[in-house]
2 protein chains.
Amino acid sequence: MHVSKNSKSPPPSFFSTLREKGLRPTKQRNCVFRVINEKQDHPTADDIFVRVRRRLPTISFATVYNCLETLVGCGLVKQVNIDREPARYCSNLNPHAHFKCIKTGKIFDLPLDDLVLSKIASILPRGFNADHFDLSFSGTLTDLN
Amino acid sequence: MHVSKNSKSPPPSFFSTLREKGLRPTKQRNCVFRVINEKQDHPTADDIFVRVRRRLPTISFATVYNCLETLVGCGLVKQVNIDREPARYCSNLNPHAHFKCIKTGKIFDLPLDDLVLSKIASILPRGFNADHFDLSFSGTLTDLN
DNA sequence: GCTGTAAATGGAATTATTCCAATTAAAAAG
DNA sequence: CTTTTTAATTGGAATAATTCCATTTACAGC
């Protein structure tokens with residue numbers, strides 16, 4: 001597994017990233033991308049559909065799914081899968097884990113520093129080449145987090 | 001998060017565990033439990049249904065799901081959720097992560113020692129009380145793992 | 001402005017899982 | 001050991017997230 005220097009990387013350009021892959025930066029893709037970046041609340045495809053519809057009232061559900069697939073494939077957003085729940089989408093591209101509060105359903109990003117990342121990578125035996133990993137917690141929050 | 005001593009714990013008694021919770025150790029539950037323990041290959045509910053049917057030809061799919069829910073709820077088996085795929089079930093009750101080979105689909109258990117467990121626990125900020133966590137990798141295997 | 005390709009659209013299809021009402025089996029009580 | 005109570009099983013229908021498909025629309029290069 002590749003463990004990068006953990007300095008916050010600049011937000012990738014929506015346009016150049018798509019163009020580099022020969023994909024078109026359509027208004028639907030752009031709108032889905034912006035909606036995810038506007039509010040860091042880990043929306044589901046459903047949530048995103050509702051928000052995008054306010055700006056593009058004729059967009060279809062299929063298109064939202066298509067856009068999400070494209071954006072995830074390009075690395076412009078991350079898909080978050082926790083347990084068996086509907087997928088959520090996340091604009092945080094820095095290495096992080098997720099914590100889900102089972103009382104409120106709210107999801108929190110937990111940044112992972114290089115030390116932790118290398119510790120996690122060290123779990124892998126020789127010959128196991130991970131190109132992706134997921135770490136998620138669920139539990140409760142004390143106080144008023 | 002609780003970090004236990006990592007000595008292999010004895011396999012929990014199917015009967016006593018259910019009894020303690022006021023649940024009945026039925027032949028269906030027992031059969032599902034045994035099927036999962038016989039072959040450590042992370043079967044899906046579907047796989048389990050097929051295997052159990054060989055011994056209990058009248059068991060229904062709903063019952064397999066009910067049994068799995070019960071067994072997971074009792075801590076007798078673990079449910080493994082990787083990405084958006086059908087849930088898999090696992091008899092390994094010791095702390096471990098999962099690695100999925102994207103070529104073969106095969107899933108491997110990666111044991112987690114106390115040092116790694118405490119490092120993982122250290123990610124949690126104060127006030128975040130995890131009662132559960134999931135760590136999974138996906139990638140490819142070099143050689144003949 | 002044409003032409004070819006990619007993307008968007010709406011609706012149907014899929015699939016894992018859950019729900020429900022009726023039946024059966026197990027435990028408890030007598 | 002029979003009756004009663006309660007829990008579990010069953011089959012089928014329902015649900016819900018996601019994917020598929022055929023058609024239409026939009027964009028890019030010529």
Side-chain angles (χ1 to χ4, degrees), chain A residues 14-35 42-53 55-74 76-89 105 107, chain B residues 14-35 42-53 55-74 76-77 79-90 105 107:
Chain A
F14 170 76
F15 289 92
S16 57
T17 303
L18 287 170
R19 277 271 145 71
E20 274 162 30
K21 310 221 174 188
L23 299 169
R24 295 175 185 170
T26 64
K27 64 173 189 289
Q28 289 89 344
R29 287 172 176 168
N30 192 25
C31 191
V32 168
F33 181 65
R34 277 162 55 187
V35 157
H42 302 89
T44 62
D46 220 279
D47 298 330
I48 293 164
F49 177 65
V50 169
R51 294 180 202 175
V52 168
R53 266 225 156 202
R55 296 184 209 169
L56 301 174
T58 64
I59 198 173
S60 71
F61 224 125
T63 300
V64 170
Y65 273 106
N66 290 340
C67 292
L68 289 170
E69 190 185 4
T70 303
L71 294 173
V72 170
C74 291
L76 285 166
V77 309
K78 276 188 187 171
Q79 188 182 50
V80 182
N81 298 306
I82 300 186
D83 301 330
R84 314 249 78 237
E85 294 178 7
R88 293 167 177 280
Y89 297 87
I107 290 173
Chain B
F14 171 75
F15 288 93
S16 57
T17 303
L18 286 170
R19 279 268 148 69
E20 274 162 29
K21 309 221 175 188
L23 299 168
R24 297 173 184 171
T26 64
K27 64 174 188 288
Q28 289 88 344
R29 286 173 177 167
N30 192 25
C31 191
V32 168
F33 182 65
R34 278 162 55 187
V35 157
H42 303 89
T44 63
D46 222 278
D47 297 331
I48 294 165
F49 177 65
V50 170
R51 294 178 201 175
V52 168
R53 262 214 164 214
R55 295 183 207 168
L56 300 175
T58 64
I59 198 173
S60 70
F61 224 125
T63 300
V64 169
Y65 272 106
N66 289 340
C67 292
L68 289 170
E69 191 185 4
T70 303
L71 294 173
V72 171
C74 290
L76 285 167
V77 309
Q79 188 181 51
V80 182
N81 298 306
I82 298 186
D83 302 329
R84 315 249 79 238
E85 295 179 6
R88 292 167 178 278
Y89 297 88
C90 177
I107 290 173

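Sequence lines set the chain letters: A, B, ... in the order given, protein chains first and strands last, and positions in each chain run from 1.
The residue among A:Val64 and B:Ala45 whose nearest nucleotide of DNA chain C lies closer to the 5′ end is A:Val64. Mapping B:Phe61 and A:Arg24 onto DNA chain D by nearest heavy atom places B:Phe61 at the nucleotide closer to the 5' end. With DNA chain C read from its 5' end, the first of the two nearest nucleotides for A:Gln28 and B:Arg19 is the one closest to A:Gln28.
Between B:Tyr65 and the phosphate of C:dT17, there is a side-chain N or O to OP1/OP2 separation shorter than 4.0 Å.
For A:Arg84, whose side chain is taken as the heavy atoms from C-beta onward, the closest listed nucleotide among C:dA8, C:dG10, C:dT17 is C:dT17.
When rounded to the nearest whole Å, the span between CD of B:Glu69 and P of C:dT18 equals 7 Å. Going from atom OH of B:Tyr89 over to atom C1' of C:dT17 covers 9 Å, rounded to whole Å. Between the CG atom of B:Asn30 and the C1' atom of C:dA26 there is a distance of 15 Å, rounded to whole Å. Atom-to-atom, CD1 of A:Ile48 to P of C:dA8 comes out at 15 Å; the value is rounded to the nearest Å. Counting to the nearest Å, the C1' atom of C:dA8 and the CG atom of A:Leu23 are 14 Å from each other. Regarding B:Leu56, its CG atom lies at a distance of 12 Å from the P atom of C:dA25, rounded to whole Å. The distance between atom CD of B:Gln79 and atom C1' of C:dT18, rounded to the nearest whole Å, is 13 Å. C:dA25 atom C1' lies 14 Å from atom CD1 of B:Ile59, rounded to whole Å.
Residue A:Asp46 is out of contact with every strand shown, counting any heavy-atom pair closer than 4.0 Å. Note on A:Thr26: only backbone sugar-phosphate atoms sit closer than 4.0 angstrom, heavy atoms only; bases stay farther off. A:Thr70 comes within contact range of no nucleotide atom at all, as no heavy-atom separation falls under 4.0 Å. The residue A:Thr44 sits apart from the nucleic acid: no heavy atom pair falls under 4.0 Å.
Between the side chains of A:Asn66 and A:Thr63, no donor-acceptor pair is found at a separation under 3.5 Å.
The two residues A:Val64 and A:Ala45 make their nearest non-hydrogen contact at CG1-O, 4.0 Å. Contact detail for A:Phe33 and A:Leu76: the closest heavy-atom pair is CE1-O, 3.5 Å. The heavy-atom pair separating A:Thr17 from A:Cys74 by the smallest distance is CG2-O, 3.8 Å.
Interface limits on DNA chain D: the 5'-most and 3'-most nucleotides within less than 4.0 Å of chain A heavy atoms are D:dA17 to D:dA28.
Between the side chain of B:Arg29 and the main chain of B:Leu68, no donor-acceptor pair closer than 3.5 Å is present. Under a 3.5 Å cut-off, the side chain of B:Asp47 and the backbone N or O of B:Thr44 do form a donor-acceptor pair. Although no hydrogens or angles enter the test, the distance criterion places a donor-acceptor pair under 3.5 Å between the side chain of B:Arg84 and the main chain of A:Glu85.
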